Amino acid sequence: FSKLLTHIFFLVSLPFLLFGQFPRLCATREALLRKECCPPWDGDGSACGASSGRGFCRDVEVSDLPDGPQYPFSGLDDRERWPLVFYNRTCECVGNFMGFNCADCKFGYFGLNCNERRESVRRNILHLSRAQKIRLVSYLNLAKHTVSQDYVVATGTYREMQNGSNPMFADASVYDVFVWIHYYVSRNALLGGPGNVWTDVDFAHWAPAFLPWHRLYLLHWEHEIRKLTGDMSFTIPYWDWRDARGCDVCTDELMGDRSPQDPSLLSPGSVFSSWKVLCSQAEDYNNRGVLCDAREEGPLRRNPGNHNRNVVERLPTTAEVEFTLGLTNYDTGAMDRTANMSFRNTLEGFGDPRTGLGNSSRMGMHAAIHVYMNGSMSSVQGSANDPIFLLHHAFVDCIYEQWLRRYRPTPSQYPESNAPIGHNSEYHMVPFLPLQRNRDYFISSKDLGYEYSNLLDASQRLAESMRPILDEMQDVWPWLLLAALCGGILAMATAAVIVTVKRRNRGFTWPHMRGWRNLFTLPETQPLIFTHNSEESKHPNYQTAM
């Protein structure tokens, strides 16, 4: 915890500047009017680190492949053909460099020159050591209460910003930046004026990009936590919810138990009980025709199991996961919620996990967990407010990874055209900067520098299973060493006393063997055999248990 305290001291001593999911230097009037997001790299002061060969500023290229017919509007949504509404020039990094200014390393690479390759392991949260669980909760809480150094969030549309001349951005914590990202990508399309919205649109759900988008989302989130804490070994754990009888991560040690006063709130014994949510009132934003303004909107809510059983019968089973993994087609048909025998649609929860038929009357798999949580998680736009969101989506990503390894599809097998808006293979994922295309994350996690503990081979799984024990030993070894030292001192002191007593009693004769035997004989408490002789009765014969 000394490392955490050091970081907290450093961060609270910084001025609270504007930064952003829109990068700070790209959230200015000048940058918006110029429509360019090519910030300098601190290492050499040049745009995109060009002088050091890290990257260069270039025109944004967007795909002209047709979107599906599901979105009947054009030119009204800031997210269309991302990021052209805001920027038509951004950084393009080379080699293993990445980031909005090419200051970071690609996923899976580390070091000053991004030439050190490492594979991280995401583990089952219930298998973490006590120290690892404490560290996870501490990191989440630190992220929730630390203003982001790198990103701000947009609180108005480009039109409301008067085409960039009136920037509308707000500070957000490291954690809340990602809450806003998930809200922004899934929000309804604002067509102009109160109540004038299009609800049947989502740039990260209900279509092929669902799995690649959330994979990138988790990687960015993991990356930001590492930068915040300085812990480059940090990974997001997963919650394996197959066959669970309830929310077994809903404990005060982990994600928070129920409040005894109000079952829809979290227990006061959990740090998450003090968290405030944002971007959770979609109906209100629609009625007013505005974006979420990133203000606090009340406590985090959760009431697992007290949901509508007509929508979700129970938590997903192992058999349903196996059926889903058996679907060979990544996506089918219109590539939306109606898709039949679609791995993506069934895993997302709109295909029946027993038949594979789309538009299921009941939600399963991924969607079932959101409904089951019956609180902040049950709203698509506000679901990332609950930290269980991260554990849940890490396991969804793990299932996605199993499918990729089983069928080994090529990136060309990801849909190139006619997917719902934002979901074609060449489309840039909203609202990420640096730019990333959907097809870039239709690849194995190993190519992105991470692995799942339950997908390791037998020998690696054995080593992983021993890790929590070794971690616990690492935490307690100073106490064990102290106990051993104290024991040694006590033994030496006892030996010294014995030697001293022996010297003082040099004439003392040690008892013979018979005397030793009598010395350790236990006393009788009850006669076992009596005689009738009165003289013998005074001194009864008996046998001892000894």
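From a predicted model like this one, the values you see are computed outputs, not experimental measurements.
Between C37 and C26, the SG-SG separation falls below 2.5 Å. Disulfide criterion (SG-SG under 2.5 Å) for C91 and C48: met.
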### Task
Go through the steps to decide whether H392 and H214 satisfy the test ring pair (Phe, Tyr, Trp, His ring centres under 6.0 Å), and finish with yes or no.
CA-CA 11 Å; H392 168 43; H214 284 84; 9.3 Å; no

### Working for ring pair (Phe, Tyr, Trp, His ring centres under 6.0 Å), residues F107 and Y450
CA-CA 8 Å; F107 301 121; Y450 71 100; 8.7 Å; no

### Task
Could you give me the CA-CA distance, side-chain angles and deciding distance for W403 and Y330, then say whether ring pair (Phe, Tyr, Trp, His ring centres under 6.0 Å) is met?
CA-CA 9 Å; W403 186 89; Y330 179 73; 5.7 Å; yes

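Between E416 and R439, none of the side-chain N atoms (NZ, or NE/NH1/NH2) sits under 4.0 Å from a carboxylate O, so this pair counts as no salt bridge.
In this structure D202 satisfies the side-chain hydrogen bond (donor to acceptor under 3.5 Å, both in side chains) test together with H205, sequence neighbours excluded. For N166, there are no side-chain hydrogen bond (donor to acceptor under 3.5 Å, both in side chains) partners at least two apart in sequence or on another chain. Remark: F272 engages W275 in a ring-ring contact (aromatic ring centres under 6.0 Å, His included) (not counting sequence neighbours).
Side-chain rings of F203 and W213 stay apart, their centers remaining 6.0 Å or farther from each other. Under the 6.0 Å cut-off for aromatic ring centres, Y217 and H393 do not qualify, their centroids lying 6.0 Å or more apart. Taking the centre of each ring, Y441 and Y400 stay at or above the 6.0 Å mark.
With R302 as the partner, the side chain to side chain contact (heavy atoms under 4.5 Å, CB included) test is satisfied by one option alone out of R258, M377, M255: M255.
Among all heavy-atom pairs drawn from L404 and P409, the shortest one is O-CD, 3.6 Å.
Counting heavy atoms from C-beta on, the side chains of F395 and I369 never come closer than 4.5 Å. Using a 4.5 Å heavy-atom cutoff, the side chains of T235 and R226 are in contact. Residues L291 and T155 form no side-chain contact, since every pair of their non-hydrogen atoms from C-beta on lies 4.5 Å or further apart.
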